[in-house]
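The next block holds one structure in the form of structure tokens; read it before the comments.
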Amino acid sequence: MGVLLKAENVTKRFAGLTAVDSVNLVINQGEIIGLIGPNGAGKTTFFNSITGFYTADEGKVEFDGQDITGLTTYQNCKAGMARTFQIVQPFGNLTALENVMVGAFNRVNSYAEAEKIAKEMIDFVGMTDKTYDIVADLNIGDQRKLEMARALATKPKLLLLDEVMAGLTPTEIEGVIELVKKVRKAGTTILMIEHIMAALMTLSDRVAVLDHGKKIAEGTPTEITSNENVIESYLGKAYKKEQ
């Protein structure tokens, strides 16, 4: 199991505020890595800094053996990195099929090929019956699954999920948990930000914790949930009592 992504001392500042502070993270092929921390800890900024949405002020990012520091989002997508967003970003006036075809065009040039891939990914996430629905009419749970389908249509080696379970019902959360497992089983490595701890701890092989831009802990879910620094800064004493 080789290294897929290696972030070394990744730092991002905004007008003097250090949002991500010298964060190191290694992700091996086939893993699910959880990224947690309080609101404002720098989790999404770290996502943005390794995917090329932002350019890191310091540090280095290697992906699949190549230095991708400073590359654009579309270059990183071509290399095999895709993501979802904390606030879903669909093309609301298009159908589900057309939305996912946008991702498929990252890999193919013909309409027929893009349509074929899109239909496969819509079926993969369990939305075959919504293929031709206008996305603006879909509920938030379906929009989140659709965004995963669009990202998967780019054929990623690494999928970054930013709070993909936010705003979902318990039943919908269970569905997404099974979908994430299915994505990993199909061969895609996953880095996920999530505030629903029961789900994240169930899915993750390892968990990294950010607080005020710094990585304060990393380990197995068991190690993280018993780490006093993590309990103090994020999980809280009540979480420890529940375990």
Listed by chain and number, what are the salt bridge (Lys or Arg N to Asp or Glu O under 4.0 Å) partners of [X], not counting sequence neighbours?
X      : value
Glu113 : none
Lys119 : none
Glu147 : Arg150
Lys145 : Asp142

Work out which heavy atom in [X] is nearest to a heavy atom in [Y]; give both atom names and the distance.
X      : Y      : value
Arg144 : Glu163 : NH1-O, 3.4 Å
Gln143 : Pro90  : OE1-CG, 3.8 Å
Asn229 : Ile216 : O-CD1, 4.2 Å
Ala151 : Ala82  : O-CB, 3.7 Å
Thr73  : Phe53  : CG2-N, 3.3 Å
Ile224 : Ala217 : CD1-CB, 3.9 Å

Practice task
Would you mind telling me which of Leu17, Asp57, Asn48 makes a side chain to side chain contact (heavy atoms under 4.5 Å, CB included) with Lys12?
Solution key: Asp57

Handout entry: Note, Lys130 side chain near Leu146 side chain (heavy atom, < 4.5 Å)
Key = no

Exercise for the section: Could you tell me whether the side chain of Asp21 reaches within less than 4.5 Å of the side chain of His212, counting heavy atoms only? Expected result: no

Exercise for the section: Hey, could you give me each pair passing ring pair (Phe, Tyr, Trp, His ring centres under 6.0 Å) that has a residue in residues 114-160? Not counting sequence neighbours. Expected result: none

Completion exercise
Sorted by chain and number, sequence neighbours left out, side-chain hydrogen bond (donor to acceptor under 3.5 Å, both in side chains) with Thr131 holds for none

Practice task
With sequence neighbours excluded, tell me which residues meet side-chain hydrogen bond (donor to acceptor under 3.5 Å, both in side chains) with Glu98.
Solution key: Thr95

Under 3.5 Å: donor-acceptor pair, side chain of [X], backbone of [Y]:
X      : Y      : value
Thr84  : Asp162 : yes
Lys43  : Gly37  : yes
Glu194 : Met165 : yes
Asn24  : Asn9   : yes

Practice task
Name all residues meeting the ring pair (Phe, Tyr, Trp, His ring centres under 6.0 Å) criterion together with Phe14; count only those two or more places apart in sequence or in a different chain, and write none if there are none.
Solution key: Tyr54

Hphob cluster co-occupancy, [X] + [Y], side-chain heavy atoms under 4.5 angstrom:
X      : Y      : answer
Phe85  : Leu161 : no
Ile190 : Met201 : yes
Val135 : Ile140 : yes
Met127 : Leu94  : no
Ile177 : Met197 : yes

Nearest 0.5 Å please: distance from the [atom1] atom of [X] over to the [atom2] atom of [Y].
X      : Y      : atom1 : atom2 : result
Ile122 : Met101 : CD1   : CE    : 9.5 Å
Leu152 : Ile117 : CG    : CD1   : 11.5 Å
Glu218 : Glu223 : CD    : CD    : 9.5 Å
Leu168 : Ile173 : CG    : CD1   : 5.5 Å
Glu174 : Thr169 : CD    : OG1   : 10.0 Å
Leu97  : Met121 : CG    : CE    : 12.5 Å

Problem - Heavy atoms from other residues, nucleotides or ligands near CG of Asp129 exceed 12 (cutoff 6.0 Å) - result: yes

Practice task
Considering only NZ, NE, NH1 and NH2 on the basic side and carboxylate oxygens on the acidic side, decide whether Glu120 and Lys116 come within less than 4.0 Å.
Solution key: yes

Practice task
Determine, for Arg13 against Glu58, whether the closest basic-nitrogen to carboxylate-oxygen distance falls under 4.0 angstrom.
Solution key: yes

Practice task
Linking directly or through intermediates, with side-chain heavy atoms under 4.5 Å: list the remaining ILVMFWY members grouped with Val10, chain and number order.
Solution key: Leu4, Leu5, Val20, Val23, Leu25, Ile27, Ile33, Leu35, Phe46, Phe47, Ile50, Val61, Phe63, Ile68, Leu71, Met81, Leu158, Leu160, Leu191, Ile193, Leu210

Problem - Sequence-distant partners of Lys78, side chain to side chain contact (heavy atoms under 4.5 Å, CB included), two or more places apart - result: Asn106

Practice task
Name all residues meeting the side chain to side chain contact (heavy atoms under 4.5 Å, CB included) criterion together with Asp205; count only those two or more places apart in sequence or in a different chain, and write none if there are none.
Solution key: Glu31, Ile32, Arg184

Practice task
Could you note down all residue pairs passing side-chain hydrogen bond (donor to acceptor under 3.5 Å, both in side chains) where residues 152-161 supplies at least one of them, sequence neighbours left out?
Solution key: Asp64-Lys157

Practice task
Would you please test Thr128 and Asp123 for side chain to side chain donor-acceptor pair (under 3.5 Å) and show each step?
Solution key: CA-CA 5 Å; Thr128 307; Asp123 181 62; 2.8 Å; yes

